[in-house]
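Below is one structure, written out as structure tokens; comments come after it.
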Amino acid sequence: MRLLPAVRPAAVVAGAVVAVAILSACGSPPDPKIKSDALTVYTSLPLSGERGPEGRAVLRGEKIALEDAGARVGQFTVALDAIDDADPERGTWSPDQAAQNARQAAGNGTTIAYIGDLDSGATAVSLPVNNELGILQVSPLSGYTGLTRVLDKGEPQKYYPADTRTFARLVPTGAVEARALARWLDGLGLRRVVVAQDGLDDGQGGLIDLSDAFDAQRIELVKAVRVDPRPGHDLDGDVADLVKQKADALVYAGGDSEAAARLLRAVHAAAARLPLFVTSSSTHGDLAARLGRAAGAVRGVSPLVGLPDDAASRAFARRYRAAFGADPPPAARYGYEAMRTVIAAIGRAGESAKDRRSVIRAYLGTRERGTVIGDYRIDSSGDVDRTEVGGFRIAGGELRLDRRLDGGVG
């Protein structure tokens, strides 16, 4: 039985209002053709706050890819302009800031592409603006299924006011993750599951995806509980509600890793033998370090775990260490690949690259082999055809590959 979320997150609703206001202010879409041989790629990432380290790693990967190309594609020069989408007071992405970033890119007549955002909620705000203005948008990590496929009411059409696809992502959808996780649970004999979600886009979308995936595996979704992710919220009632169901496992789906850690610690303290699982949207930041004694009970799925260890990946790691004095986090590979494929699309468009529509056509349908994130193809909807995700355990404060899981249909 599918359990639908009762309300949309207030932050995303507010962001949608901002986006609509921006579109109205823009009037008629501008000429999709760029007049200059100087092109600009904007990237909107959390460069401060909780996801700051991850956002900065993505940006560093982008810079290496641009440097590899010599900041030039044929007759065109390419510049990278990075903007922070985090609210300095809250430390998390802001709907107002995400919309403002998209508007800034739209106001630059040399903008050829937009890389971002990381959080699916931020992408849901920036995407309609970029789509209306015909700008290619590539998200390294936004997995919310509704951005490209039917999930909730009005999706995905509401993100594409121009009625044409201009968006692609490099991670599998939440639906792929959910199927992979459901098969893992089934293989472990965990047949009755409770789900906690935080009301953010990834949490609500994760609940829908998990409900469908559980149905397919004949796993019973015993109860779904919405947890308030705000710091200081009393979790006692939520924990008691989840534990009293006497389920075989708990899955946390959400976009706030701090809230995930608080809940998982509390549930583990109340029911130490209950297996705990998380979706990838909860694993950013220092989730592993925050779990304390609960870490050994936690497993999960993520496209950031189990990436290739091949010649291309090792070469990238050497470049990253030489430039920044540290090993590249997995997110850096996705930043590198986002920029590299944007540059490649500009190259395939050739002299027509001044026309944003030509670059979008060159990007959608691209097929890549031997990349730092593996082999994949981008379909006409903007999704990757990769269905494998990493199933992980937590050890030594890190996410470590436990097994490779397939989330394909069938």
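- A side-chain donor-acceptor contact under 3.5 Å links Q137 to the backbone of G116.
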| Does the pair L221 and L210 meet the rule for a side chain to side chain contact (heavy atoms under 4.5 Å, CB included), with working shown? | CA-CA 9 Å; L221 176 50; L210 287 167; over 6 Å; no
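- Using a 4.0 Å cut-off between charged side-chain N and carboxylate O, E258 and R262 make a salt bridge.
- In terms of heavy atoms, L250 sits closest to Y252 at CD2-N, 3.9 Å.
- S257 places no side-chain N or O within donor-acceptor distance of the main-chain N or O of L287, the cut-off being under 3.5 Å.
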Dump the intermediate steps for side chain to side chain contact (heavy atoms under 4.5 Å, CB included) on L151 and T173, then the final yes or no.
-> CA-CA 11 Å; L151 187 68; T173 66; over 6 Å; no
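- Annotation: side chain of R348 is in contact with side chain of T366 (closest heavy-atom distance under 4.5 Å).
- Between L133 and A106, the shortest heavy-atom distance links the atoms CD1-CB, 2.6 Å.
- Under 3.5 Å, the side chains of T341 and Y363 contain a donor-acceptor pair of N or O atoms.
- Between R333 and P308, the closest side-chain pair of non-hydrogen atoms falls below 4.5 Å.
- Remark: the backbone N or O of G254 is paired with a side-chain donor or acceptor of S282 at under 3.5 angstrom.
- Aromatic ring centres of F316 and Y336: separated by under 6.0 Å.
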Inset, instruction - Could you give me the CA-CA distance, side-chain angles and deciding distance for V251 and V194, then say whether side chain to side chain contact (heavy atoms under 4.5 Å, CB included) is met? - result: CA-CA 6 Å; V251 175; V194 290; over 6 Å; no
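- Judged by distance alone, the side chains of R165 and S380 never bring a donor and an acceptor atom under 3.5 Å apart.
- A donor and an acceptor atom, one from each side chain of T110 and T40, are located under 3.5 Å apart.
- A donor-acceptor contact shorter than 3.5 Å links the side chain of D198 to the backbone of G255.
- Listed here is the closest heavy atom pair of L170 and P140: CB-O, 3.9 Å.
- Between the side chain of D375 and the backbone N or O of G370 there is at least one donor-acceptor pair closer than 3.5 Å.
- To the nearest 0.5 Å, atom CG of residue L127 and atom CZ of residue F167 are 6.0 Å apart.
- Salt bridge status for R192 with D248: absent, with no side-chain N to carboxylate O gap under 4.0 Å.
- Between R314 and D309, the closest side-chain pair of non-hydrogen atoms falls below 4.5 Å.
- Smallest separation of non-hydrogen atoms from I360 and G134: CD1-O, 3.6 Å.
- One N or O on the side chain of D385 and one on the backbone of R377 form a donor-acceptor pair closer than 3.5 Å.
- Taken to the nearest 0.5 Å, the CG atom of L405 stands 8.0 Å off from the CG atom of L181.
- With hydrogens and angles disregarded, a donor-acceptor distance shorter than 3.5 Å links the side chain of R169 to the backbone of Y144.
- Counting heavy-atom neighbours within 6.0 Å of K354 NZ, excluding the residue itself, gives a total above 12.
- From Y114, atom OH reaches atom CG of N131 across 13.5 Å, with rounding to the nearest 0.5 Å.
- Taking the side chain as every heavy atom from C-beta outward, F277 and V193 never approach each other to under 4.5 Å.
- V138 has its side chain within reach of L136: a pair of non-hydrogen atoms, C-beta onward, lies under 4.5 Å apart.
- Looking at heavy atoms from C-beta onward, R179 lies in side-chain contact with R183 at the 4.5 angstrom threshold.
- Look at D68 and R340 and you find no salt bridge, because none of the NZ, NE, NH1 or NH2 atoms lies under 4.0 Å from a carboxylate O.
- Minimum heavy-atom separation, A353 to F76: CB-CE1, 3.6 Å.
- Between R149 and D379 there is a salt bridge, with a side-chain nitrogen of the basic residue lying less than 4.0 Å from a carboxylate oxygen of the acidic one.
- The closest donor-acceptor contact from the side chain of R56 to the backbone of L47 lies under 3.5 Å.
- Interatomic distance, R357 CZ to S352 OG, rounded to the nearest 0.5 Å: 10.5 Å.
- Contact check on R299 versus D402 returns no salt bridge, with no Lys/Arg side-chain nitrogen under 4.0 Å from an Asp/Glu carboxylate oxygen.
- A heavy-atom distance below 4.5 Å is found between the side chains of I378 and V384.
- Here the straight-line distance linking atom CZ of R293 with atom CZ of R265 works out to 12.5 Å at 0.5 Å rounding.
- Side-chain atoms of E177 and D209, non-hydrogen and from C-beta on, never get closer than 4.5 Å to each other.
- Side chains of D202 and S120: a donor on one and an acceptor on the other come within 3.5 Å.
- Pairing each heavy atom of D117 with each of S44, the nearest pair is OD2-OG, 2.6 Å.
- Judged by distance alone, the side chain of D406 and the main-chain N or O of G408 form a donor-acceptor pair under 3.5 Å.
- A distance of 5.0 Å separates CZ of R321 from CG of D327, quoted to the nearest 0.5 Å.
- Here the rule is side chain to side chain contact (heavy atoms under 4.5 Å, CB included) with Y42, and of I112, T111, N130 only T111 fits it.
- Side-chain atoms of E155 come within 3.5 Å of backbone atoms of D152 as a donor-acceptor pair (strictly under, hydrogens ignored).
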Please assess H233 against D238 for the test side chain to side chain contact (heavy atoms under 4.5 Å, CB included), listing each intermediate value before the final yes or no. CA-CA 10 Å; H233 173 67; D238 296 328; 3.3 Å; yes
Between R386 and E337, is a salt bridge (Lys or Arg N to Asp or Glu O under 4.0 Å) present by the stated rule, with each step listed? CA-CA 15 Å; R386 294 164 53 214; E337 190 63 10; over 6 Å; no
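- In summary, of the residues considered (T283, L399, V389), a side chain to side chain contact (heavy atoms under 4.5 Å, CB included) with V305 occurs for L399 alone.
- Residues N108 and Q104 bring no donor and acceptor atom of their side chains to less than 3.5 Å of each other.
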